[in-house]
Amino acid sequence: MADSGPSLCSVLDPLESLIYWRSAARSGAALGAGLALLVALACCSVVSVLAYSSLLALSAAVAFRIYKNVLQAVQKTNEGHPFKWLLEKDISVPAERAQSLAAAATAHLNAALAELRRLFLVEDLVDSLKFGVLLWCLTYVGACFNGITLIILGWIALFTLPKAYEMNKPQVDANLELARAKINEISAKVRAAVPLGKKAESEKDK
């Protein structure tokens, strides 16, 4: 169990370096490739996108293999298979890493299920009302955007918002703190006005 932390961090470190643009070339390539894939999925079926992408990759690999074989025949060299370093590379997933990822995913899933149960069964009236307002807002979002459009926007946000936050952290934190204080103030007023809210809060304290 003690090893789960480091292995999980080792998995997340490359992702963090991508979304924070530690290497502009890699982050740009990942953003562009993801956008191309998502736009293709918006226009074609998943099966078609997978088939055409795989066919393109296979065609490029076959063409490169034939080119290297012809080049070796003309130059009378014996460099071996052009993809030898990839064929010999270990791509298996370590059992420890798989177990740590599964444990982390299970913990997040259990926490999400517990929170949803609390909200839908109205353990705290104010929190359930805030959840209802969020769902009501999502109905308008769903009316304006379909699922793939939201995924595209989320992909763009993944590569822009973290870096923007990192560059403007003091200002963003100050504004978030003001918003959080205002929400807490309104929630406290609602809890004071609604008996059920106060009852749920007192039961929590017990």
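All values derive from a computational prediction rather than experimental measurement.
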Heavy-atom closest contact ([X] atom, [Y] atom, distance):
X: S128; Y: V122; result: OG-CA, 3.3 Å
X: T160; Y: I156; result: OG1-O, 2.8 Å
X: L18; Y: S27; result: O-OG, 2.6 Å
X: P162; Y: A157; result: CD-O, 3.3 Å

Distance (rounded to the nearest 0.5 Å) between [X] [atom1] and [Y] [atom2]:
X: I151; Y: W155; atom1: CD1; atom2: CH2; value: 11.0 Å
X: L158; Y: L31; atom1: CG; atom2: CG; value: 9.0 Å
X: D173; Y: N168; atom1: CG; atom2: CG; value: 10.5 Å
X: I19; Y: L15; atom1: CD1; atom2: CG; value: 5.0 Å
X: L101; Y: R97; atom1: CG; atom2: CZ; value: 7.5 Å
X: Q171; Y: L176; atom1: CD; atom2: CG; value: 11.5 Å

* Taking salt bridge (charged side-chain N to carboxylate O under 4.0 Å, His left out) as the test, write out the residues that go with R117, two or more places apart. =>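 Scan of R117 (salt bridge (charged side-chain N to carboxylate O under 4.0 Å, His left out), adjacent residues dropped) gives none.
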
Single-linkage hydrophobic cluster, 4.5 Å side-chain cutoff, [X] and [Y] together:
X: L129; Y: L135; value: no
X: L37; Y: V46; value: yes
X: M167; Y: V172; value: no
X: L41; Y: L55; value: no
X: L161; Y: Y20; value: no

* Asked: In the hydrophobic clustering (ILVMFWY, side-chain contacts below 4.5 Å, transitive), which residues join L58, or is it alone?
  ->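 In the cluster with L58 are V62, I66, V70, V74.
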
* **Linked hydrophobic residues, F145 as query - side chain contacts closer than 4.5 Å** =>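 ILVMFWY cluster around F145 also holds V141, L150, L153.
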
* Angle class for the F64/F83 ring planes (parallel below 30°, perpendicular above 60°, tilted otherwise)? ->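 Tilted.
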
* Set of residues satisfying side chain to side chain donor-acceptor pair (under 3.5 Å) with respect to K163, sequence neighbours excluded ->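 Side chain to side chain donor-acceptor pair (under 3.5 Å) list for K163, sorted by chain: E166.
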
* Could you list the residues that satisfy side chain to side chain donor-acceptor pair (under 3.5 Å) with D90, not counting sequence neighbours? =>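 Listed in chain order: S92.
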
* salt bridge (Lys or Arg N to Asp or Glu O under 4.0 Å) between R118 and D124, worked out -> CA-CA 7 Å; R118 187 182 73 85; D124 186 290; 5.2 Å; no

* Flag yes if more than 12 heavy atoms outside Y67 fall under 6.0 Å of its OH atom; otherwise flag no. =>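 Open: at most 12 neighbouring heavy atoms sit under 6.0 Å from OH of Y67.
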
* To do: Please say whether more than 12 non-hydrogen atoms of neighbouring residues, nucleotides or ligands are located less than 6.0 Å from CZ in R26.
  =>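 Count not over threshold, so no.
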
Under 3.5 Å, which donor-acceptor pairs link side chains of residues 47-54 to any protein atom two or more places apart or in another chain?
from, atom 1, to, atom 2, distance (Å)
S48, OG, S45, OG, 3.0
S53, OG, V49, O, 2.7
S54, OG, L50, O, 2.8

* **Min side-chain heavy-atom separation E79-T77 under 4.5 Å** =>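 Yes; the side chains approach each other to less than 4.5 Å.
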
* Asked: Can you tell if the side chain of H81 reaches within under 4.5 Å of the side chain of K68, non-hydrogen atoms only?
  ->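 No, side chains not in contact.
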
